[in-house]
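Counting starts at 1 for both ligands and their atoms, in listed order.
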Amino acid sequence: MPKTIIISNRLPVQLQIQNGKLNATPSVGGLATGMKSVHRDGESLWIGWSGLTAEEIPESLEGEIDRALADHGCSRVDLGKAEIDGFYYGFSNRTIWPLFHYFMEYSEFELSNWETYEQVNQKFADAIVEAASDDDVIWVHDYQLMLVPRMVREQRPGLSIGFFLHIPFPSYEIFRTMPWRREVLRGLLGADLIGFHTYDYERHFLSSARRLLGLEVSFNEIHLEDRVVKVDSFPMGIDYKKFNEAAKRHRDMDPSEISDLQNRLNTHKASTPNAKFFLSIDRLDYTKGIARRIKAFEYFLQKYPEHREKVRLIILAVPSRSKVPQYQRLKKEIDELVGRINGELSTVSWTPIWYFYRSLPFDSLIDLYTTCDIAWLTPIRDGMNLVAKEYVATRTDQTGVLILSEMAGSANEMNEALLINPNNFEQIADSLYQAINMPEEEQKRRNAAMQKRLERYNVEKWANDFMDSLLVQKRQDYSLVARKLSVDLTNTLLKKYREANSRILFLDYDGTLAGFTNDPQDASPDDALMELLDKLQAQGRTDVFLISGRDKDTFTRWFRHKDYAMIVEHGVWISENGKPFSMLENVKNNWMAKIRPVLESFVDRTPGSFIEDKNYSLAWHYRNTDPDFGQKRTMELNTVLTSLIANDDLSVMNGNKVVEIKSSNVNKGRAAMRMISRKQYDFIFAIGDDWTDEFMFQELPKEAVTVKVGRMKTQARYYLDGIGAVRELLGRFAEV
Ligand code: ADQ
């Protein structure tokens with residue numbers, strides 16, 4: 001039975017060794033809860049680091065650890081201290097984390113950390129490969145493991161692999177500063193589905209993939225040579241029921257059960273009528289904007305002094321990554337800020353800030369969420385921010401105000417909150433004022449809308465949506481209209497080839513026999529290709545046609561010493577048996593004088609683009625331009641041309657990074673049909689990669705074997721993944 005394998009840096013189980021004894025407790029984090037429906041006993045496996053370094057695990061406890069993890073459906077990847085330093089504290093948290101949160105100045109580019117990151121990612125990938133059966137589904141989580149999808153794909157191409165990034169994906173301008181940007185992108189593209197919290201992160205990623213790898217992106221799909229990768233946004237939710245029910249239990253609690261923390265909160269509330277509690281909860285991280293929030297609080301008290309002694313800020317900062325220097329400095333800064341403000345402003349009965357630097361148990365979190373009137377969360381940058389959602393979920397009477405930074409992913413879904421820019425102190429102070437004075441009616445209206453959404457799109461729904469989308473992606477990949485030329489199909493094809501009395505092959509050149517280069521003139525045929533064509537040519541009973549949109553001069557230069565039959569400029573010219581090119585179609589070119597200046601004006605305004613002047617067509621190439629810009633210009637050009645050529649017999653063809661204008665009377669399909677009408681063929685074969693080849697696929701008789709190179713929408717019957725596969729197939733034809 002197929003199983004799901006979840007991979008994350010940390011396992012959803014906490015291991016502790018105390019006095020030689022092992023203690024394993026399930027962790028309660030959002031991810032662990034969210035994956036509950038996916039991570040079911042027996043049907044899934046969770047692979048990750050146990051939290052103990054290899055040095056900390058005594059040999060005598062290894063078996064016990066494995067058994068304890070297995071009880072929770074987990075299996076461990078062991079990491080040594082040096083690996084944790086380079087991979088986790090190093091590359092993950094001193095390079096990726098700051099860079100992806102737009103803290104460029106904190107980002108360190110250390111080669112040795114990158115190398116450790118690669119090695120550790122390989123360890124995770126190997127663990128997956130070892131555990132996975134062919135029909136298993138793999139879900140890789142987060143920024144520590146971005147190379148894993150590709151590493152798994154390389155060893156197990158057939159597996160279904162999903163990846164979800166829990167932090168923002170930064171804009172191309174930021175991402176491109178990283179020395180290993182291409183490796184990271186290629187790593188992620190090993191997945192079938194890549195998920196982000198928001199559409200913004202998704203489009204940043206797509207833009208980087210286009211710009212840095214030159215990949216073809218259509219809507220939210222990336223077309224690779226042999227696969228299609230889907231990119232989508234799945235905003236992570238919370239376990240709404242858990243928070244909401246805990247809050248209800250809390251509300252209905254017997255006074256004897258009330259916690260010490262709650263008692264203290266109650267006492268303070270009772271001592272100051274109309275007192276308001278502001279709540280700030282985050283991991284202690286510079287991205288969360290805690291220091292700035294404290295300064296904004298001070299500013300608020302200056303701007304609205306009447307609220308002194310009436311409001312109180314409760315800060316809960318969870319210790320995090322304390323080995324990284326920035327976090328140590330931040331801790332110091334916050335300690336000092338809190339000390340200074342409390343020192344300056346406290347009175348006998350009032351301490352403005354209560355500050356806890358520790359992780360609190362779930363029940364205490366509920367005490368705070370349910371008691372505080374205003375949740376005040378102002379991250380400078382945050383992938384999602386679940387605290388905001390948790391706060392709203394616990395407001396059982398629907399009172400309470402959420403003030404949330406626009407820079408948190410969750411702001412997209414929580415429009416009813418008071419959204420602020422964390423750098424705008426004026427706006428923050430006014431929002432606090434507005435929150436304090438907000439009528440209960442309004443609070444309820446806002447929270448009701450958010451609660452409804454959070455309850456529906458909870459974390460379980462999030463996980464299931466992702467999994468469903470991954471499975472659909474995999475199925476679609478196999479059900480493309482064209483069928484892949486599998487080993488069996490190829491064998492049947494070879495049999496037909498062998499038995500045929502008379503064969504004709506139409507071979508497109510660029511993108512089919514040879515790869516694309518920045519300058520089309522550089523794509524000259526290599527020796528292996530020449531040898532292959534020679535062999536086919538030497539076969540009796542086979543007519544080989546090179547059929548291309550190229551100009552005749554280039555083909556003359558490349559192939560004039562050979563006797564290959566050639567059709568160029570989409571069917572205007574033909575050459576056979578080594579003779580010079582002659583016209584196959586009678587076409588005019590007097591329109592070119594009118595169109596050329598238009599194209600020239602586009603070249604002037606589009607750096608990197610150029611015109612290819614053929615005898616009977618004009619082509620505007622934009623392979624070397626910025627991809628987004630190139631596409632925008634293409635649309636513009638198409639509009640301009642459509643109105644210009646309305647009365648001429650011309651057509652505009654949008655090929656692979658090229659727009660070509662040519663006579664409507666010529667196309668590869670028409671040329672190919674003319675060739676097959678000259679003789680009786682019982683094996684007709686046509687292969688090509690772009691739009692111009694579709695004319696052949698459409699027009700040739702239905703018994704023809706038509707093959708598209710790459711997985712794009714096509715009229716061809718079959719497809720092959722890339723140039724390597726084309727050459728392999730032709731090589732087998734040549735051996736017959
Ligand atoms: P985090 O940066 O950790 O997560 P967040 O989404 O707010 O940020 O999650 C914090 C979690 O920790 C919450 O579930 C909260 O209840 C819990 N928590 C906070 N304080 C606690 C305390 N003192 N004791 C115990 N638990 C505490 C990363 C990204 C986020 C993204 C999540 C999920 O940085 O942007 O939302 O992953 O994808």
Candidate with minimal heavy-atom separation from atom 29 (C) of ligand 1, of His166, Met384, Glu390: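 Comparing heavy atoms across His166, Met384, Glu390, the nearest one to atom 29 (C) of ligand 1 lies in His166.
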
Just going by heavy-atom distances, which of Leu284, Ile167, Asp285, Val318 is nearest to atom 23 (N) of ligand 1?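 Residue with the shortest heavy-atom distance to the ligand atom: Val318.
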
Hey, does [X] come in under 3.5 Å of ligand 1, counting only N/O atoms on both sides?
X      : value
Leu386 : yes
Ile281 : no
Leu365 : no
Lys288 : yes

Hey, does [Y] have a side-chain heavy atom less than 4.5 Å from the side chain of [X]?
X      : Y      : answer
Phe278 : Leu432 : yes
Met384 : Glu413 : yes
Val459 : Tyr240 : no
Arg321 : Asp285 : yes

Side chain, backbone, both or neither: His197 near ligand 1, heavy atoms under 4.0 Å: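 Side chain only.
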
Tell me which one of Thr396, Ile238, Asp239, Leu454 satisfies side chain to side chain contact (heavy atoms under 4.5 Å, CB included) with Asn244.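 Single side chain to side chain contact (heavy atoms under 4.5 Å, CB included) partner of Asn244 among Thr396, Ile238, Asp239, Leu454: Thr396.
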
Per-atom contacts, ligand 1 versus [X] - under 4.0 Å to a heavy atom:
X      : answer
Arg358 : 23 (N)
Gly383 : 35 (O)
Leu360 : 22 (C), 23 (N), 24 (N), 25 (C)
Met236 : 33 (C), 38 (O)
Ser359 : 23 (N), 24 (N), 25 (C)
Asp382 : 30 (C), 34 (O), 35 (O)

Do you know which of Arg446, Gln443, Gln451 makes side-chain hydrogen bond (donor to acceptor under 3.5 Å, both in side chains) with Gln398?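 Going through the options one by one, the only one that passes is Gln451.
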
For Trp97, state whether at least one heavy atom is located under 4.0 Å from any atom of ligand 1.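 Yes, that is the case, since the closest heavy atom of the residue is under 4.0 Å from the ligand.
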
Can you classify the ring geometry of Phe169 versus Phe175 as parallel (below 30°), tilted (30 to 60°) or perpendicular (above 60°)?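 Phe169 vs Phe175 ring planes: tilted.
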
Using a distance-only test with no angle check, is there a side-chain donor-acceptor pair under 3.5 angstrom linking Trp139 and Thr4?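 No, because no side-chain N or O of Trp139 sits under 3.5 Å from a partner of the opposite role on Thr4.
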
Go through the structure and list residues passing side chain to side chain donor-acceptor pair (under 3.5 Å) with Tyr457, not counting sequence neighbours.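 For Tyr457, the residues satisfying side chain to side chain donor-acceptor pair (under 3.5 Å) (neighbours in sequence not counted) are Asp465.
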
